[in-house]
Structures are given as structure tokens and as C-alpha cells.
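Below is one structure, written out as C-alpha cells; the observations come after it.
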Amino acid sequence: ESAKGRGRGGASAPESAKGRGRGGGYVGGAPKLGSQPATGVGTAAVMKLLGTWDGSQGETYEVGKDWSCLKKDAAGSARKYQLAWSADKAAILWGERFCVYASDLTSEGPAQWYRCEDRQKARCA
């Protein structure tokens with residue numbers, strides 16, 4: 001399921017980030033898994049996700065330069081998540097379970113999120 005972007009590129013959010021669970025990310029002061037670099041490959045990757053994206057259930061996702069992702073559901077409730085960079089996976093992490101690989105962030109269609117353990121990218125999250 002892809003989210004349709006109103007910004008640059010496109011992205012699909014992991015299932016749990018679409019309101020079907022809570023495992024998709026940390027809120028507030030929870031532990032961070034990885035870094036949020038100001039330069040380099042990780043920064044270039046998150047810059048490709050910048051913007052506001054429409055989800056499949058009327059929700060929106062707003063990704064900022066500060067590695068934040070503000071999810072607003074169709075009813076207007078908002079929840080902020082922090083994304084992080086994993087150098088060993090070369091991927092942006094959404095919590096412990098989901099990631100989007102930097103190599104998949106192109107202008108040719110939406111980026112796909114996968115479970116972090118799915119290194120073969122067999123099935124989108």
C-alpha cells in the first residue's frame with residue numbers, strides 16, 4: 001500500500017504506522033535506534049522523504065528535516081514519531097521493526113517500507 005505524496009517522491013508507511021498497531025515507532029522520549037546525521041547518505045535519504053504524504057486510510061504523514069514524522073489520522077488526532085538512520089542497513093528506521101532502504105528512494109515511484117529483518121525485501125510492510 002503506497003501513500004501518495006504531495007511533496008517530492010512518494011512513500012508508503014509501514015502497516016503499523018497506518019493505525020493498525022503500535023509497533024511502528026517510538027513517541028516522545030523512547031530510546032533511539034540509530035542516529036540522525038546532519039550530513040552524508042542518511043541525510044540525503046531523509047531529504048527524499050521530506051513533505052506530506054497521504055495514507056490509504058485518510059491519514060497524512062509529514063516528514064521534517066529534523067527526522068520527525070507527524071502522523072495525523074482522518075479524525076485530526078496527531079502523533080509524532082522520530083525516524084533514525086542505520087548505517088549498517090543503509091536505511092531509515094521507523095522504530096525497531098520497519099525501514100526504508102536509501103537505495104530504494106528514487107524519483108521513480110513510491111518508496112517501500114519493509115520489516116527490518118526482511119533483508120531480501122520479499123514483502124512490503
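Along the sequence shown, the residues carry numbers beginning at 1. What you see is a predicted model, and the numbers here were worked out from it, not measured in a lab.
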Here the pair of heavy atoms bringing W85 nearest to A91 is CE3-O, 3.2 Å
Inspect the contact between D104 and K121 and indicate whether a charged nitrogen and a carboxylate oxygen are less than 4.0 angstrom apart.
-> yes
Do I92 and V41 sit in the same hydrophobic cluster, where Ile, Leu, Val, Met, Phe, Trp and Tyr count as joined when their side-chain heavy atoms come under 4.5 Å apart?
-> yes
Distance (rounded to the nearest 0.5 Å) between T43 OG1 and K65 NZ | 11.5 Å
Verify the neighbour count for atom NZ of K72: are there more than 12 heavy atoms of other residues, nucleotides or ligands below 6.0 Å?
-> no
When rounded to the nearest 0.5 angstrom, what is the spacing between CD in E96 and SG in C116?
-> 9.0 Å
Determine yes or no for a side-chain-to-main-chain donor-acceptor pair under 3.5 angstrom, with S68 supplying the side chain and Q82 the backbone.
-> no
Roughly how far, to the nearest 0.5 Å, is the CZ atom of R115 from the CZ atom of F98?
-> 4.5 Å
Can you tell me how far the CH2 atom of W67 sits from the OG atom of S35, to the nearest 0.5 Å?
-> 6.5 Å
Check whether L70 and L49 end up in the same hydrophobic cluster, where Ile, Leu, Val, Met, Phe, Trp and Tyr are linked by side-chain heavy atoms less than 4.5 Å apart.
-> no
Could K71 and Y81 be counted as a cation-pi pair, given that NZ or CZ must be under 6.0 Å from the ring centre and within 45° of the axis?
-> no
When every non-hydrogen atom of L50 is compared with those of W53, the smallest separation belongs to O-CZ2, 3.4 Å
Non-hydrogen atoms of R119 and D88 that approach each other most closely = NH2-O, 3.8 Å
Hey, is CD on E117 packed in by over 12 heavy atoms from elsewhere, all under 6.0 Å?
-> yes
Under 3.5 Å: donor-acceptor pair, side chain of K48, backbone of L105 = yes
So, E59 versus Y61: side-chain donor-acceptor pair below 3.5 Å or not?
-> yes
Rounded to the nearest 0.5 Å, what's the gap from CD on Q36 to CG on L93? Could you check?
-> 10.0 Å
